[in-house]
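Notes follow the structure.
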Amino acid sequence: MEDRLQPAFAEVLRRNPGEVEFHQAVREVFESLGPVLRKNPQYAEAAVLERICEPERQIIFRVPWVDDTGRVRINRGFRVEYNSALGPFKGGLRFHPSVYLGIVKFLGFEQIFKNALTGLPIGGGKGGSDFDPRGRSDGEVMRFCQSFMTELYRHIGEYTDVPAGDIGVGAREIGYLFGQYKRITNRYESGVLTGKGLTWGGSLVRKEATGYGSVLFAQSMLGTVGESLDGRRVSISGSGNVAIYAAEKAQQLGGRVVTFSDSSGYVVDEAGVDLSLLKEIKEVERGRVSDYIARRPGARLVKDGSIWDVPTDVALPCATQNELTEADAKQLVANGVRAVAEGANMPSTPEAVALLREAGVLFGPGKAANAGGVATSALEMQQNASRDSWSFGHTEDRLAEIMVSIHDNCLATADEYDVPGDYVVGANVRGFTQVADAMIALGVV
Ligand code: NDP
């Protein structure tokens with residue numbers, strides 16, 4: 001990081017003690033920004049850097065609910081409304097026991113730049129709770145969501161803040177949240193949440209969008225060196241929303257998907273993952289990866305070790321933050337990996353990213369590669385605003401156009417800053433300048 005950025009970074013550390021994931025996300029962006037500040041003195045004059053690191057609003061609240069045995073439970077809810085220079089705050093809700101303010105802030109900070117990269121009018125925000133939906137009945141999840149929304153509703157709205165899903169928050173949770181919002185406000189305000197069901201305001205392709213988009217981004221990167229996914233081995237981590245639809249698009253483009261995982265281990269299926277079986281287990285039964293092994297001869301489950309030890313041409317980390325370490329990156333490079341596109345948010349550690357970039361691997365950072373999800377959320381908002389619903393083909397075409405434009409804009413920005421092919425710098429600089437210019441235009445607010 002250049003010296004001129006050190007005071008602002010020191011202030012981030014001082015103001016946000018112990019929030020290591022947030023520090024990591026800020027450092028990663030700052031490391032790209034030295035040349036931008038030199039070229040654009042107006043950003044320093046308007047203290048854009050200092051302002052962009054401080055969320056516009058942070059909300060923390062108690063979420064009391066009653067479990068199936070009648071016991072009262074307490075969780076903590078968060079919504080960090082980070083930056084609304086480009087549009088209403090927009091970003092998902094994560095329900096996972098690891099959630100605390102530092103995780104929500106890292107995700108919200110990344111979201112600002114990701115949303116700017118889509119070119120659509122959306123600001124950045126993120127929220128969630130330390131509630132663990134795993135093993136909870138539908139009734140418990142519903143009561144939790146209703147309690148969560150009973151506080152959150154006063155802070156959100158289609159022109160204010162528009163949450164969506166993330167880890168642990170899928171169509172079921174969005175349904176319960178939307179139902180409670182509708183009841184409390186007495187408004188059918190479809191545009192207040194995205195990721196809705198198709199019969200009540202949702203958009204076709206939203207479910208598929210993050211995974212599809214990440215694969216389209218990988219395909220664009222491979223295209224710059226005259227290659228493609230066709231006939232390639234593809235390794236995917238996770239088996240949730242992003243992972244499943246990354247696998248689907250990779251298979252459509254001729255790739256052979258050989259891995260997936262959850263927190264109990266990873267599966268290697270050399271014949272190519274049976275997606276309809278995986279969807280049945282994960283989307284319908286809410287089962288574990290071991291259920292796949294039991295029904296798929298030839299596939300094996302590995303409980304220890306790293307999924308990135310499996311030789312692959314294209315790696316798509318789609319589970320969670322910091323899941324791909326320096327040792328993993330070394331192994332991937334030793335096995336001849338061609339491209340890594342991040343479906344998850346910040347899944348690669350800084351050391352892993354540095355190693356992959358130095359080794360000349362095509363590396364698509366999450367804020368560019370996984371932006372297809374939020375982009376399609378913005379398309380869902382457009383459909384809600386016009387009381388319209390688009391066909392699958394039309395929506396997928398829009399998603400594909402957006403992913404190509406994010407890819408090309410990252411490359412053009414990297415060229416402009418004399419780091420050709422560096423998608424990390426391209427994404428950070430392009431996202432930052434879009435937001436910074438809007439912040440200056442809007443004055444000191
Ligand atoms: P899901 O909850 O649908 O799936 C998450 C998957 O990752 C599950 O298979 C889960 O396994 C696994 N996982 C989570 N934590 C760990 C861990 N510590 N070790 C191993 N596996 C783990 O979430 P999504 O697919 O929606 O999100 C995945 C990633 O993509 C996140 O980083 C999210 O922020 C990012 N993302 C999501 C978007 C979206 O549209 N949904 C948009 C952009 C980014 P288990 O069930 O065992 O916990």
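Just the heavy atoms: all of them, side chains too, but no hydrogens, waters or symmetry mates, feed the values below. Both counts, for ligands and for their atoms, begin at 1 and track the order of listing. We count residues from 1, following the sequence as given.
Atoms of ligand 1 found under 4.0 Å from any heavy atom of Ser261 (numbered from 1 in listed order, with element): 9 (O). Close approach of ligand 1 to Arg94 is summarised as follows: ligand atoms under 4.0 Å from at least one heavy atom of the residue are 31 (C), 32 (O), 33 (C), 34 (O). Remark: ligand 1 atoms within the under-4.0 Å shell around heavy atoms of Ser239 are 9 (O). The Ala344 neighbourhood of ligand 1 comprises atoms 29 (C), 30 (O), 32 (O), 35 (C), with distances under 4.0 Å to a heavy atom of that residue. Within ligand 1, the atoms closer than 4.0 Å to a non-hydrogen atom of Arg288 are 45 (P), 46 (O), 47 (O), numbered from 1 in the order shown.
Nearest protein heavy-atom contact of atom 32 (O) of ligand 1 is Asn345 N, 3.1 Å. The protein non-hydrogen atom at the shortest distance from atom 39 (C) of ligand 1 is Thr210 OG1, 3.4 Å. Protein heavy atom nearest atom 2 (O) of ligand 1, with residue, atom name and distance: Gly168 N, 3.0 Å. Distance from atom 41 (N) of ligand 1 to its nearest protein heavy atom, with residue and atom name: Asn241 OD1, 3.5 Å. Shortest contact from atom 6 (C) of ligand 1 to any protein heavy atom: Gly240 N, 3.9 Å. Counting only heavy atoms of the protein, atom 47 (O) of ligand 1 lies nearest to Ser263 OG, 2.5 Å. In terms of protein heavy-atom proximity, atom 34 (O) of ligand 1 is nearest to Asp166 OD1, 2.6 Å. At the top of the distance list for atom 29 (C) of ligand 1, counting protein heavy atoms only, stands Ala319 O, 3.3 Å.
Among residue pairs with one or both ends in residues 385-399, those qualifying as side-chain hydrogen bond (donor to acceptor under 3.5 Å, both in side chains) are Lys249-Glu396; sequence neighbours excluded. Annotation: ring-ring contact (aromatic ring centres under 6.0 Å, His included) contacts involving residues 308-332, sequence neighbours excluded, are absent.
Residue contacts with ligand 1, taken as heavy atom pairs separated by less than 4.0 Å, involve Cys318 solely via the backbone atoms N, CA, C and O.
Between Phe131 and Phe144, the two ring planes are parallel [angle under 30°; tilted spans 30° to 60°]. Ring orientation note: the planes of Tyr82 and Phe22 are tilted relative to one another, at an angle of 30° to 60°.
Of the options Thr320, Val242, Leu107, Asp132, the smallest heavy-atom separation from atom 37 (C) of ligand 1 is shown by Val242. Between the choices Ile103, Ile307, Ile167, the shortest heavy-atom distance to atom 23 (O) of ligand 1 belongs to Ile167.
With hydrogens and angles left out, the side-chain atoms of Glu189 and Tyr181 include a donor and acceptor closer than 3.5 Å.
Ring pair Phe260/Tyr292: centre-to-centre distance below 6.0 Å.
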